[in-house]
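Quick notes on the structure that follows.
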Amino acid sequence: MMIDLRSDTVTRPTPGMREAMLDAPVGDDVWGDDPSVAALEAILAERAGYPSALFFPSGTQSNLAALMSHCGRGDEFIAGQYSHIYRDEGGGAAVLGGIQPQPIEQDANGCLPLDKVEAAVKGEDIHHARTRLIALENTFRGKVLSQDHVERLVNFAAEHGLATHLDGARLFNACVETGQPLSALCTGFDSVSVCFSKGLGAPVGSLLMGGEAFIAQARRWRKTLGGGMRQAGILAAGCRYALEHQVERLADDHRHARLLAEGLSQIDEVEVLACDTNMVFIEIPECHREELKIFLQMQGVLIAVSTRLRLVTHLDVREDDIRYVIRCIGDYFAGQRV
Ligand SMILES: *Cc1c(COP(=O)(O)O)cnc(C)c1O
């Protein structure tokens, strides 16, 4: 078995999760008949403090349905330049929703500077798209957003009549890191999307939460986008199992990431740029990037390589694996020095 640090999406369902999925009562969820989906939606809506929730096959589709439910053709949403919803979802809002993105350069903490947001909000004028929504992301590159920042932006949006959406693909990581309940980190947002297929370890599934009319609209868009699933309770049961058994253990991933960052910082050629929740970003001399990746692969370790290397801890990475990876990377550079 490889030690796979490319992403926390690579987790495989645990035996307990597989059992829960096998035993799930199911029905046709497009007809509203699936008790396992309905239960998951109700449990999460309650826990996050929203009237309604809706199960999606992916976070991308959940975010897109949210944008299409908040905004119409010729509307615009404000989001971070490096946010997933703007940069990593195939431009879906523009392609499929007729919604224009207005990206904002983020600061080092992933925050959207309020003055830049304010300057980007367009007044009523036939020349402009209509600014409708601000979208935030928590965690962003592993970083937990400061609640101060969130509050300021949510208040700003309210004052300007803008809706707010939170891409909380890894919001449970933020909960575990801060000790805050899910509802506290959702406060003020009109809608929130969370993923179960990342650190929580489910094979498939995201949930969108919001008000009743909003979720009814999102249900229409989900069908249009091809996300209406039939006996989806099998998947929802995996997510429910994750919610009940695999949230608190995210703390292990965060501890493992710190351990990894500490170990790697002892190696001269490695610069640790950031370590937040379950992600470690490092820089190494460019000439070593591809070679290190190949070396590690031969040692049974997978990493994704771009300008900054991102190493992600998750359910299928144990403390021993972390020590082994540190040793392998140390060995690689020691071998280069002789
Ligand atoms: C993974 C992720 C999503 C959704 O991705 P899917 O692969 O479509 O589930 C959305 N936002 C962020 C920040 C993510 O990391």
Side-chain angles (χ1 to χ4, degrees), residues 4-13 40 44 53-68 70 77-93 95-97 101 103-104 106 109-112 133-145 150 164-177 185-186 189 191-209 218 221-222 225-227 229 232 235-236 238-239 242 250 253-254 257 274 276-281 304 306 308 310-315:
D4 194 344
L5 299 174
R6 291 173 302 167
S7 175
D8 49 7
T9 55
V10 301
T11 55
R12 292 177 177 86
L40 176 69
L44 203 71
L54 188 62
F55 189 53
F56 282 84
S58 73
T60 297
Q61 195 177 77
S62 173
N63 276 337
L64 178 56
L67 290 176
M68 292 174 75
H70 285 300
F77 74 101
I78 291 174
Q81 178 85 37
Y82 306 105
S83 65
H84 199 280
I85 202 169
Y86 167 63
R87 206 166 189 261
D88 298 307
E89 300 184 5
V95 174
L96 301 168
I104 302 282
Q106 289 156 270
N109 295 317
C111 297
L112 307 184
L133 173 90
I134 301 176
L136 298 185
E137 182 176 318
N138 199 10
T139 61
F140 169 75
R141 293 184 177 167
K143 279 190 201 302
V144 178
L145 288 191
V150 170
T164 48
H165 173 71
L166 179 63
D167 176 359
R170 295 188 179 84
L171 195 56
F172 283 103
N173 292 84
C175 291
V176 167
E177 186 72 4
L185 300 187
C186 294
F189 288 98
S191 58
V192 178
S193 171
V194 295
C195 286
F196 284 84
S197 55
K198 305 269 165 93
L200 291 183
V204 176
S206 283
L207 268 101
L208 178 64
M209 293 164 285
W221 284 126
R222 184 184 69 172
L225 295 169
M229 299 183 286
L235 302 175
C239 297
L250 290 171
D253 299 346
H254 301 177
D276 295 287
T277 59
N278 68 332
M279 293 188 190
V280 179
F281 288 91
S306 65
R308 315 182 321 152
R310 187 186 79 162
L311 307 171
V312 187
T313 58
H314 53 75
L315 183 60

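Remember, it's 1-based here, ligands and their atoms both numbered in the order they're listed. Count residues from 1 along the sequence.
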Ligand 1 N/O within reach of Ala169 N/O, cut-off under 3.5 Å: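 For ligand 1, there is no N or O atom that lies under 3.5 Å from one belonging to Ala169.
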Between Ser206 and Ser62, is the side-chain hydrogen bond (donor to acceptor under 3.5 Å, both in side chains) condition met? List the steps. CA-CA 7 Å; Ser206 283; Ser62 173; 5.5 Å; no
Just to be sure I read this right, does ligand 1 sit under 4.0 Å from the backbone of [X], its side chain, both, or neither, counting only heavy atoms?
X	answer
Asn63	side chain
Asp167	side chain
Lys198	side chain

Quick one: are [X] and [Y] in side-chain contact, heavy atoms under 4.5 Å?
X	Y	result
Arg141	Arg308	yes
His314	Ser7	no
Arg170	Thr277	no

Mind listing the closest non-hydrogen atom pair of Lys143 and Ala274 along with its distance? NZ-CB, 4.3 Å
Does ligand 1 have any atom sitting under 4.0 Å from a heavy atom of Arg170? yes
Judged by atom type as modelled, is there a donor-acceptor pair below 3.5 Å linking the side chain of Asn109 to the main-chain atoms of Cys111?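 Looks like no, no N/O pair under 3.5 Å.
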Number the atoms of ligand 1 from 1 as they appear, then name those within less than 4.0 Å of a heavy atom of Glu89, with their elements.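 Those of ligand 1 that fall under 4.0 Å from Glu89 are 10 (C), 11 (N).
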Find all atoms of ligand 1 within a distance of less than 4.0 Å from any non-hydrogen atom belonging to Ser58, and give their numbers and elements.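 Near Ser58, the atoms of ligand 1 are 8 (O), 9 (O).
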Name of the residue among His165, Glu137, His84 meeting side chain to side chain donor-acceptor pair (under 3.5 Å) with Asn63: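 Looking at His165, Glu137, His84, the match for Asn63 under the side chain to side chain donor-acceptor pair (under 3.5 Å) is His165.
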Please list the nearest protein heavy atom to [atom] with its residue and the distance rounded to 0.1 Å.
atom	answer
atom 7 (O) of ligand 1	Thr60 OG1, 4.5 Å
atom 9 (O) of ligand 1	Gly59 N, 2.8 Å
atom 13 (C) of ligand 1	Glu137 OE2, 3.2 Å

